Amino acid sequence: MRFLAVCGAALLAVHAAGAAVKHRFNGFTLTEHPDAAKRDLSQKYVTWDDKSLFINGERIMIFSGEVHPYRIPVPTLYIDIFQKIKALGFNTVSFYVDWALLEGKPGEYRADGVFALEPFFEAAAEAGIYLLARPGPYINAEVSGGGFPGWLQRVDGILRSSDKPYLEATDNYIAHVAATIAKYQITNGGPIILYQPENEYSGSSGNVTFPDPVYMQYVLDQARNAGIVVPFISNDASASGHNAPGTGEGSVNIYGHDSYPLGFDCANPSTWPAGNLPTNFRTLHLEQSPTTPYSIVEFQAGAFDPWGGPGFAKCAALVNHEFERVFYKNDFSFGVAILNLYMTFGGTNWGNLGYANGYTSYDYGSPLTESRNLTREKYSELKLLGNFAKASPGYLLATPGNLTTSGYADTSDITVTPLLGSNNTGSFFVVRHSDYTSQASTSYMLKVPTSAGSLTIPQLGGSLSLNGRDSKIHVVDYDVSGTNILYSTAEVFTWKKFSDGKVLVLYGGADEHHELAITTKSNVTVVEGKASAISSKQTGKSLVIGWDVSSTRQIIKVGDLQIHLLGIDRNSAYNYWVPQVGKDSTSTEFSTQAAVASSIIVKAGYLVRTAYVKGNGLYLTADFNATTPIEVFGAPATTRNLYINGEKTSHTVAKNGAWTTEVEYSAPKISLPSLKGLSWKYLDTLPEIQSSYDDSLWIAADLSETKNTFRSLTTPTSLYSSDYGFHTGYLIYRGRFVATGDETTFTVDTQGGTAFGSSIWLNDTFLGSFTGLFIYADYNQTVTLPKLKSGKEYVFTVVVDNLGLDEDWTVGSELMKAPRGILNYDLAGHDASDISWKLTGNLGGEDYQDKTRGPLNEGGLYAERQGYHQPQPPSQKWKSASPLDGLSKPGIGFYSAEFELDLPTGWDVPLFFNFANSTTPDAYRAQLYVNGYQYGKYVSNIGPQTSFPVPQGILNYQGTNWIALSVWAQNEGGAKVEGLELSYETPVLTALKGVKSVDQPKYKARKGAY
């Protein structure tokens, strides 16, 4: 019964007339006959065949970008990201949900405020973006525990297995999150079209049943029981065919895999290792899942960067616009029909949500930067491919062939992969260097089958050229609304049919020669440019046109087809946008066919978001970072006036038919406060080392057995933090013993994850620190003790920086359970049981105090436990001192200050908190809090991050802001923040409106705080 709704949905789909289509749903096979075209499509459903998905009966390529809502905790900014992805030509966004943020305490599911999913879904619907839901429970994603809450360390069962304790632990989360997702499925009028149960269920350590069909079926049933009816899709990290349709119990509806061909070493971004370009994906697909659309659910769009890494700028350079040209077009050569790029917007690991090997930024080198800027060339390059895919429905019907270095190109230096279709649907030839790493420029001729016979092109003389780290898609028998493009060596950006004719936009690389053939008897008319730059010849039934990519744009007309031959190089195409024209400012059509039919072409600059008609006006919403000439092609015939961002704009009609105008840009004066000059207040936030400190309210570390099945105890009682409910942020231990006077050394093995640090005090005497190295997840440190007095009680204080729990998609290895805290210790001359321990982390542990900012935002520092990092702490009587003066000895200080911002409205101004960093900094660790949200973990001696963007909505752009810093000096001489200032990037004149500050609860005395 659980498949009834899905199967019923399949019966309502409409496909191309004439052929029966088979659909397979977990063992059910449905055959749909041509008369399906007569069926009622008033409801929205998703079906598929072996070529692609059908949504509302429309065959569609899913071109998707990965976005994680929890990494941008400002719901009113979701629409900004969706519109920027829509402008790429994409139609879908894939998203994870982080279980650890929603069920910080077992049985208590909270998904409200900044963690609510509904605003994300509603913004997607407003933008006209479909969604692929990936709620886990395991997500990997470089988040703490791979998305697993820390309390799973206490589950007596193998994670991601059919062990009953683990399955039961997931029930509450999946029941809630899947039910929320179900409400926003396409069958309920929402944007969610696919659901991925589990993630990267792809390999095992060998000591468990794998793949486990019982486990996978349980996961599928959980979702169906919660109301999920859309198809299930998988994401197999090993591309091994696990749980593909037809594999029996636990199989999904559509098989998909991931691929990160350049890996994650960003240190040498210009190096592309030989042999890393996938070439066998088509073959694997036909072996593993030939009845479903070829799906890559994660394909590399950037790279994560570890502590001590080279930084995300180099990751963006590794996976740059050249990578996109070669690797994404290679994916097209396999006939990919569902392609999701990870990440398209990365965001921020705010509030300790990241895993141990990553730092605060999750920029990922993505097309959209962490500050939501569109300044990377890879964004613009991606827009060329996204719009081509949207304008080329015939691609999905073409059959990929084998890659070849002969038969198509006249040189073995060029590899061609054909996607052959009929004369009605067209064919596509993906061309690249045989050595995909080559940076040479190679000349070639191409022999292709066409409706006019086999042709060797170019026909009018000369040759084609492929520059290094480039790839092209040459089209043959390409339909432009009834006009047959017999072939084009220049690449298609888009085409549109307007009331007064058609427009085709082509582009090429610098200094390239290109040729275009059109099945027509018409001649060429030069509309813009030099007639001498264009050659043409009637050959058979076709008009062949040749040109060199020049310094200026050429516009020619052949019959009712206007053709833009973009000049300079492909970069000139970056300024073109294809917004869909809606009926009003909020209505957006999901349908790709409707989008193609109703879109206009706009040549502008930084970003064109939307277009709509109101009365006789054409309204554009757009962003600008410079004075920008505007050209609008295809303004609806009913419109007379042009409005940009709500303002009526005078325009003229050019000879080429475009409406033309210009938007002036004058950067506003941005005045930011000097953080150095703020009235900072200081509080010692390590009072635990003082003799007067009372730890009577602390939790006693008295468990004689651990519930952690990953690592057995080597201490008399457990000192694993998660055994006591502490899973995030700084951990503090106090160990009390009575001295004999013979103690000489103390050894302690602490673990906090890669790049963690720790410090040790005996009473108020500093003994030493492990300042961290990014290669160590734990460290065994021995310190020398001063002469102790026999019979006197002493207290060790140990501070451990927990940088997040490990992730591991390998089933059975259980790395997520690797404990945090103290693994072992030894006090010379004593039994281990002579020390009695207490510990603390965030106040309340799993009964965390700040429900607004979530279960991971706070750690165990005294100031955090009190809530002093929140706005308006009771700092009136605190000492006046600045973090730039710092600490003169080891310890942890806490600093708080307020400042005002008054940024101009109508401008998107990315702001950054920048730490100065010398070549030999003092070893210290800082946590940055902005209005109570932890938005930066800075480690001076490891790095690499020194600049921390904080979005509007966390920062109050027109109002009061509170900033707090904890500064942990780890060496004898103390430490200071070498410099801390606010900075901004180029202000963007924006159409984005309604950015609201999220809830920022102020300080309130906490009951039971110690």
Side-chain angles (χ1 to χ4, degrees), residues 15-16 19 21 48-55 58-64 88-92 130 256 281-282 285-286 292-296 299 324-341 381-403 408 416-432 446 448-451 471-497 504-507 578 591-597 599:
H15 310 297
V21 180
W48 66 94
D49 63 10
D50 61 336
K51 296 282 190 182
S52 69
L53 286 187
F54 293 84
I55 301 180
E58 175 190 353
R59 186 183 292 278
I60 187 172
M61 177 183 176
I62 298 300
F63 211 152
S64 173
L88 287 169
F90 287 21
N91 52 26
T92 304
Y130 294 120
F281 281 174
R282 173 68 178 172
H285 168 63
L286 293 177
T292 65
Y294 180 51
S295 306
I296 308 179
F299 195 84
E324 292 176 331
R325 293 170 190 163
V326 175
F327 283 81
Y328 296 167
K329 290 175 185 176
N330 187 58
D331 291 339
F332 271 63
S333 77
F334 304 130
V336 66
I338 299 176
L339 178 61
N340 179 52
L341 302 183
E381 184 68 36
L382 191 55
K383 182 176 62 170
L384 304 185
L385 188 57
N387 279 282
F388 164 76
K390 186 166 69 172
S392 306
Y395 158 77
L396 291 171
L397 295 172
T399 300
N402 294 320
L403 56 89
Y408 293 106
V416 180
T417 306
L419 293 97
L420 301 177
S422 67
N423 294 343
N424 294 326
T425 61
S427 297
F428 305 82
F429 296 85
V430 181
V431 176
R432 63 169 172 85
L446 197 64
V448 293
T450 76
S451 58
S471 179
K472 298 184 183 300
I473 300 178
H474 298 314
V475 299
V476 168
D477 289 308
Y478 185 83
D479 178 48
V480 177
S481 190
T483 297
N484 184 52
I485 305 300
L486 186 64
Y487 64 82
S488 175
T489 66
E491 292 191 90
V492 173
F493 171 58
T494 192
W495 62 266
K496 291 288 168 284
K497 181 180 180 181
L504 171 66
V505 182
L506 304 175
Y507 67 93
V578 194
S591 166
T592 298
Q593 292 176 358
V596 170
S599 297

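Please read all numbers here as calculations on a predicted model, not as lab measurements. Every heavy atom of this structure was used, including side-chain atoms; hydrogens, water molecules and symmetry mates were not.
Counting heavy atoms from C-beta outward, Tyr487 and Leu446 have side chains that stay 4.5 Å or more apart. You'll find the side chain of Val431 reaches within 4.5 Å of the side chain of His474, heavy atoms only. Looking at heavy atoms from C-beta onward, Lys51 lies in side-chain contact with Thr399 at the 4.5 angstrom threshold. Using a 4.5 Å heavy-atom threshold, the side chains of Val492 and Ile485 count as separate. In this structure, the side chains of Phe388 and Val475 come closer than 4.5 Å at one or more pairs of heavy atoms. Within the 4.5 Å cutoff, the side chain of Ser488 has heavy atoms near those of the Leu506 side chain. A heavy-atom distance below 4.5 Å is not found between the side chains of Phe63 and Leu88.
Looking only at distances, no side-chain donor or acceptor of Thr292 sits under 3.5 Å from a matching main-chain atom of Asp50. Listed for the Tyr395 side chain is a donor-acceptor partner under 3.5 Å among the backbone atoms of Phe332.
Evaluation of the side-chain hydrogen bond (donor to acceptor under 3.5 Å, both in side chains) rule for Ser295 yields no partner, not counting sequence neighbours. By the side-chain contact (heavy atoms from CB on, under 4.5 Å) test, Ser64 pairs with Ile62, Thr92, Ser94, Asn340, sequence neighbours left out. For Leu396, the side-chain contact (heavy atoms from CB on, under 4.5 Å) partners at least two apart in sequence or on another chain are Ser52, Arg59, Met61, Ala337. By the side-chain hydrogen bond (donor to acceptor under 3.5 Å, both in side chains) test, Thr489 is found to be paired with His514, residues two or more places apart in sequence or in another chain being considered. Residues forming a side-chain contact (heavy atoms from CB on, under 4.5 Å) with Lys329 (at least two apart in sequence, or on another chain): Leu385, Val430, Ser471, Ile473, Glu491, Tyr507. Partners of Phe299 according to the ring pair (Phe, Tyr, Trp, His ring centres under 6.0 Å) rule, which considers only residues two or more places apart in sequence or in another chain, are Tyr328. Pro400 meets the side-chain contact (heavy atoms from CB on, under 4.5 Å) test with Arg282, Leu419; sequence neighbours excluded. With sequence neighbours left out, Thr494 forms a side-chain hydrogen bond (donor to acceptor under 3.5 Å, both in side chains) with Lys496. Residues that satisfy the ring pair (Phe, Tyr, Trp, His ring centres under 6.0 Å) test with Phe493, not counting sequence neighbours, are absent from this structure. Here Phe428 pairs with nothing under the ring pair (Phe, Tyr, Trp, His ring centres under 6.0 Å) rule; sequence neighbours left out. When the side-chain hydrogen bond (donor to acceptor under 3.5 Å, both in side chains) test is applied to Thr450, no partner is found at least two apart in sequence or on another chain. Phe429 pairs by the ring pair (Phe, Tyr, Trp, His ring centres under 6.0 Å) definition with Tyr408, not counting sequence neighbours.
Taking every heavy atom of both residues into account, Leu339 and Val336 meet most closely at CB-CG2, 3.9 Å. Of all heavy-atom pairs between Gly426 and Ala398, the closest is O-CB, 4.2 Å. Shown here for Leu504 and Val480, the closest heavy-atom pair between the two residues is CD1-CG2, 4.3 Å. The minimum heavy-atom distance linking Asn402 with Pro418 is given by the pair O-CD, 3.4 Å.
Using cut-offs of 30° and 60° for the angle between ring planes, the Tyr294 and Phe281 rings count as tilted.
Of the residues Asp477, Asn424, Asn423, the one that meets the side chain to side chain donor-acceptor pair (under 3.5 Å) test with Ser451 is Asp477.
Rounded to the nearest 0.5 Å, atoms OG (Ser392) and CG (Asn387) are 10.0 Å apart. For the atom pair CH2 (Trp495) and CG (Asp479), the distance works out to 6.5 Å, reported to the nearest 0.5 Å. Between the OH atom of Tyr478 and the OG1 atom of Thr483 there is a distance of 12.5 Å, given to the nearest 0.5 Å.
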